[in-house]
Amino acid sequence: MTAVYPEVMLNTAAYYYTEKPPEGIKPEKNVCITLCDTLSNYAFPHGTPGNTRFYKILTAWGKIAGTLRIWDYHTTYGFNQYGAVILPVVNEDIFNVTFKLLKQNHARRLFNEFGVHFMDDAHDFRVWMFSKTSENPDSDPVVLLDEFARGFYGPAAEKFIAYRKLLRESQNRKKPYITMITAPGALTHLDLQTVVTAQKLFDEGEKLLSGDRIRLRRWHQARFALDRAVLQCGYVLRAEYFRKHGTLRGYPFDDAQLKKRCQANFQEQYDLNKKLLNRFFLNLEKQFFLREQERFNTYTYQEKDFLPPQRFAALKPDRYVDLSAFCFNSQYRGMQLVRDPDSPTAWAMRDKLPANRNSAKYKSMQKGFSAGIYSYTTGDRPAKFLTKQITGPGYQWYKIARSKVAADEYLYLFDWMLQINLSEAVCRFSPNTVFDIYASMKFTGEAFPFGKKGELNAVWCDRLVLVPADLKIGD
């Protein structure tokens, strides 16, 4: 390539399954390797404990790549209607550490993907921090934060500074593992106390900026992701409140008020940017927002949805981890979060089998499916679920695994179609705790034992429970 076309730079992506460098060959100098980071916990620096997998890939490419370009992500995405999309995470304070590390490993080009402009977490601030830090990786992020806040938010500067510090402190305490694709259950730093305190800071900032139309508009954009986080994580936050109080009475957030504020904020940002942004991206953001609002309007919560599952009702709520379908994620677009009257929580994740009974998926799921625990750091610990294990019609509890868990791990079911982040267990129990992990599942239709004729051929999961193994509740 270099000898024949020395003036041509050929770009190729090292992405997902091709991120790991090849053995025994080296790319030529005019082959640009674009290494995409889909594995890192971007809330913490590369190479820190529990965040080493991409770091090892980076150092390996740095030794052989003629030209190395990094495609990095600085936002959260999710698939379908239940992903945690573009929510508050502080990582602007480690941009300098990241840039120095990339340079040390011979990366010469860098592309960072932020969230869509309107709904991104403090978009103006984080893009400004990225620009300033890439110009000078020795910049002090504390000084930059102070400079931006005072220039952009004026009298509310201290409130914004306190907000970013609050999120960082919660991240350091809870140690969430946040990749480019995640689910609400993974964002453990957005716990009830943190978001209550954050909302108070924004209320105080709103008063300080009263009458300042331009700065108020900036303030509203900075708050937008936080408001959406409270709505997206609505089940998780209510579950925490119910666990502490045994009731939802007194829950500190009003969904109707939050949705109204989000709608006003979006319209304000849309009107501001309709002459600045490309119409394609402008309409894309509008479509995204409307879909999200439709989802928020669909979800309703009742106290009965938070009652302990009967199987574990004898245990105190703080002695086990109970995760509903709202905490699940999927990279398979056929998996849907749906209302299900058979479920005590009223919602379940459902995957329909293909109508074609000769299809590979249909035949495979008739026999069973792969399950297990996947770690972003150490890889896969597989298991197998066979249809002969199905014990009856309707939802039944099935023991999937006995294992310790880490913040970078998720349980997967239905041949990797469903992923359930396990961070909540890491926050609430010691690292050495061994859990028995149970999934509440049902199997409907003639494809499965106990299925009825005329039923939809489908697999369903509405709950995951982790119980410390020493409690010995039995299988």
Cation-pi check, [X] onto [Y] ring (under 6.0 Å, within 45° of axis):
X: Arg381; Y: Tyr374; answer: no
X: Arg463; Y: Tyr235; answer: no
X: Lys384; Y: Phe369; answer: no

_Is there a salt bridge (Lys or Arg N to Asp or Glu O under 4.0 Å) between Arg53 and Asp37? Walk through the geometry before answering._
CA-CA 10 Å; Arg53 193 169 176 190; Asp37 183 4; over 6 Å; no
*asked:* Taking side chain to side chain contact (heavy atoms under 4.5 Å, CB included) as the criterion, tell me which of Asp120, Leu226, Leu187 meets it with Leu87.
replied: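 Of all the options given, the one that passes is Leu187.
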*Using distance alone, with no hydrogens and no angle criterion, decide if Gln199 and Arg223 have a side-chain donor and acceptor under 3.5 Å apart.*
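Indeed, the side chains of Gln199 and Arg223 share at least one donor-acceptor pair under 3.5 Å.
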Nearest heavy-atom pair of [X] and [Y]: which atoms, and what distance?
X: Pro252; Y: Leu192; answer: CG-CD1, 4.2 Å
X: Ala371; Y: Leu413; answer: CB-CD2, 3.9 Å
X: Leu166; Y: Thr194; answer: CD2-O, 3.5 Å

*Would Phe385 and Tyr398 count as a close aromatic pair, with their ring centres under 6.0 Å?*
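Between Phe385 and Tyr398, the centre distance is under 6.0 Å.
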*asked:* Is it the case that the ring center of Phe289 lies less than 6.0 angstrom away from the ring center of Tyr270?
replied: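 No, ring centres 6.0 Å or more apart.
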_Other residues, nucleotides and ligands only: do more than 12 of their heavy atoms fall within 6.0 Å of NZ on Lys304?_
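Above 12, so yes.
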*When you look at NZ of Lys286, are more than 12 heavy atoms from neighbouring residues, nucleotides or ligands closer to it than 6.0 Å?*
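Not buried by this count: 12 neighbours or fewer within 6.0 Å.
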